[in-house]
2 protein chains.
Amino acid sequence: MEQIKVMVNGIPGNMAVNVAKHVINDSMFELIPYALTGPEITETEYTLDSTVISLIHPQESDKAIAEIKEKENYFVSVDYSHPSSVNSNAGFYCKYNLPFVMGTTGGDRKLLEDTVCSSSIPAVIAQNMAKQIVGFQAMMEYAAKTFPDLFKGYSLEIKESHQKGKADTSGTAKAMIGYFNDLGTPFSENDITKERDPEVQKNVWGIPEEYLEGHGWHTYTLVSSDKTVRFAFSHNVNGRDVYAKGTLDAVSYIDKKVKAGEKGKVYTMIDVLKGRN
Amino acid sequence: MEQIKVMVNGIPGNMAVNVAKHVINDSMFELIPYALTGPEITETEYTLDSTVISLIHPQESDKAIAEIKEKENYFVSVDYSHPSSVNSNAGFYCKYNLPFVMGTTGGDRKLLEDTVCSSSIPAVIAQNMAKQIVGFQAMMEYAAKTFPDLFKGYSLEIKESHQKGKADTSGTAKAMIGYFNDLGTPFSENDITKERDPEVQKNVWGIPEEYLEGHGWHTYTLVSSDKTVRFAFSHNVNGRDVYAKGTLDAVSYIDKKVKAGEKGKVYTMIDVLKGRN
């Protein structure tokens, strides 16, 4: 079976490095040793195991990509860069006909989609690449549409814990609020209990020490007005491996789309999930 | 608004008595003071608050129902009797054109459905009347159909606790196993951890003492092969009120169907859930 070549952009960011590791360790894929990086990065190389990856800075990217395309021919690009680069990077991939998988959050999402739709490439774009969490969100969306007010009269509690650096509310928790609202439980983003204190995370939540710097734990609890019924849904992710695995599934998916001749189309992780079979 | 008359059969069984209480306490409904009962019951009356309910034994049921229909005219029957009476009771309701809601488990389910389909009445038949649990099962069924193998490679643990008297495995847990199998996690009924010891329920599970004799707690836990991702879904029911409330929603639903002229149709709680809006 032919390996799929992958260029991972956003190195030395945590998530990009993690995906690059998974590419190196999976025989279905081959990492090409170049990576777009941000203007604030001063290094010109990043060494991952025994692979030396050349870091390409914005001002040299046009020249570099021509050489890389000439040398590598076809490959899939993965983008875990920075919210401020979302739209410029998408424009770059479209300009140079580079099919891509983007897990970077932020930016102008509408413009992002429009850019791909008017291009000659397909792309998978998703703010959460963990397939099982995306599947769980789809379940909740189904319930919200099919059984509105199913939990009317129930009280809702949402608790989430993420590494100390994460300033904003979990995007997953925010999406879930919309579904719970449709299911009949009033709730707003301010009602989420956010935990960012490593001491509490370790001692009260029981989050393993090695994951205090990278985790996403969520629990949604529903209690009936007479207190006799209690539902609880949790999804606890330690580290970033699950996102890297989902990203590689998205790479395989977009590779099939490229080979099927699809152009100018944006796919989500729901498409990837459904397309696995 | 006109009250819906309800005859609750299976008194003095726990579930039937509980539904009868809810009928009395809900101004949308009126309890008619008669109840079919089993051949093993020696009492001829059951007093609920200030209502004296005549218990009708099998050998006198044909004569009694003629008098009750003459006196009460139209009413909806609710059946929480015994697995051994499921088919004979359904035959009785169909013979006398009594639209019904049946929460009784067991019996020949195919014959049960056929009996209603060849009759002139509609019926709601469900082995679980707790709307939120039925909705959750529908969510899981949707995921199993839409995203097969979503949890491939994950290990599954199912734990359930019910009152000491319950000999068999939870029907809800059994239904869930099928969905989890489709989602990629091998599991059989024997793998379920069943708790029936009141001391453990109280001290380890934290089930309130007053519900040791009537509860259904379920937890499904999925862990990824690399142990970094953990999902847990719980639904804990104390007492029987949630089932009684669902039963009354089913009564309202079947009343609408009767008034719309529906005949020979079996509805499930999924229909009731969808029909609420």
**OP:** State, yes or no, whether a side-chain contact exists between A:F147 and B:V134 at a heavy-atom distance under 4.5 Å.
**Re:** no
Original post:
Would B:T228 and A:Y211 count as a side chain to side chain contact (heavy atoms under 4.5 Å, CB included) if you check the C-alpha gap in whole Å, the side-chain angles of each, and the deciding distance to 0.1 Å?
Top reply: CA-CA 9 Å; B:T228 65; A:Y211 294 117; 3.8 Å; yes
**OP:** May I ask you to check whether over 12 heavy atoms, not counting those of B:E209, lie within 6.0 Å of atom CD?
**Re:** no
**OP:** Compare every heavy atom of A:T146 with every heavy atom of B:K274, then report the nearest pair and how far apart it is.
**Re:** CE-CG2, 3.4 Å
**OP:** Could you tell me the separation between the CZ atom of B:F231 and the CG atom of A:N236, rounded to the nearest 0.5 Å?
**Re:** 9.0 Å
Original post:
What part of B:K245 gets closer than 4.5 Å to chain A, counting heavy atoms only: side chain, backbone, both or neither?
Top reply: side chain
Original post:
Does the distance from a Lys or Arg side-chain N to an Asp or Glu carboxylate O, for B:D241 and A:K227, drop under 4.0 Å?
Top reply: no
Original post:
Roughly how far apart are A:S224 OG and B:N238 CG, rounded to 0.5 Å?
Top reply: 9.0 Å
**OP:** For atom NZ of A:K21, decide whether the heavy atoms of other residues, nucleotides or ligands shown that lie under 6.0 angstrom number more than 12.
**Re:** no
Subject >> Neighbour count above 12 (heavy atom, 6.0 Å) for B:K145 NZ >> reply: no
Subject >> Enclosure of B:E113 CD (heavy-atom neighbours >12, cutoff 6.0 Å) >> reply: no
Original post:
Does atom NZ of B:K164 have more than 12 heavy-atom neighbours from other groups under 6.0 Å away?
Top reply: no
**OP:** Tell me, for B:I133 versus chain A, whether the close heavy atoms (under 4.5 Å) come from the side chain, the backbone, both or neither.
**Re:** both
Subject >> Spacing of NE2 belonging to B:H235 relative to CZ belonging to A:R230, to within rounding of 0.5 Å >> reply: 12.5 Å
**OP:** Tell me, yes or no, whether the heavy-atom count around A:K159 atom NZ, taken from other residues, nucleotides or ligands under 6.0 Å, exceeds 12.
**Re:** no
**OP:** Please step through ring-ring contact (aromatic ring centres under 6.0 Å, His included) for the pair B:F136 and A:F233, ending with a clear verdict.
**Re:** CA-CA 11 Å; B:F136 177 62; A:F233 307 121; 5.5 Å; yes
**OP:** Supply the atom-to-atom distance B:K131 NZ to A:K152 NZ, rounded to the nearest 0.5 angstrom.
**Re:** 10.5 Å
Original post:
Does the A:Q132 side chain pair with the main chain of B:L150, one donor and one acceptor, at a distance under 3.5 Å?
Top reply: yes
Original post:
Using non-hydrogen atoms only, which part of B:Y220 is less than 4.5 Å away from chain A: side chain, backbone, both, or neither?
Top reply: neither
Subject >> B:E213, CD atom: more than 12 neighbouring heavy atoms under 6.0 Å >> reply: no
**OP:** For B:E2, look at atom CD and say whether over 12 heavy atoms of other residues, nucleotides or ligands are found less than 6.0 Å away.
**Re:** no
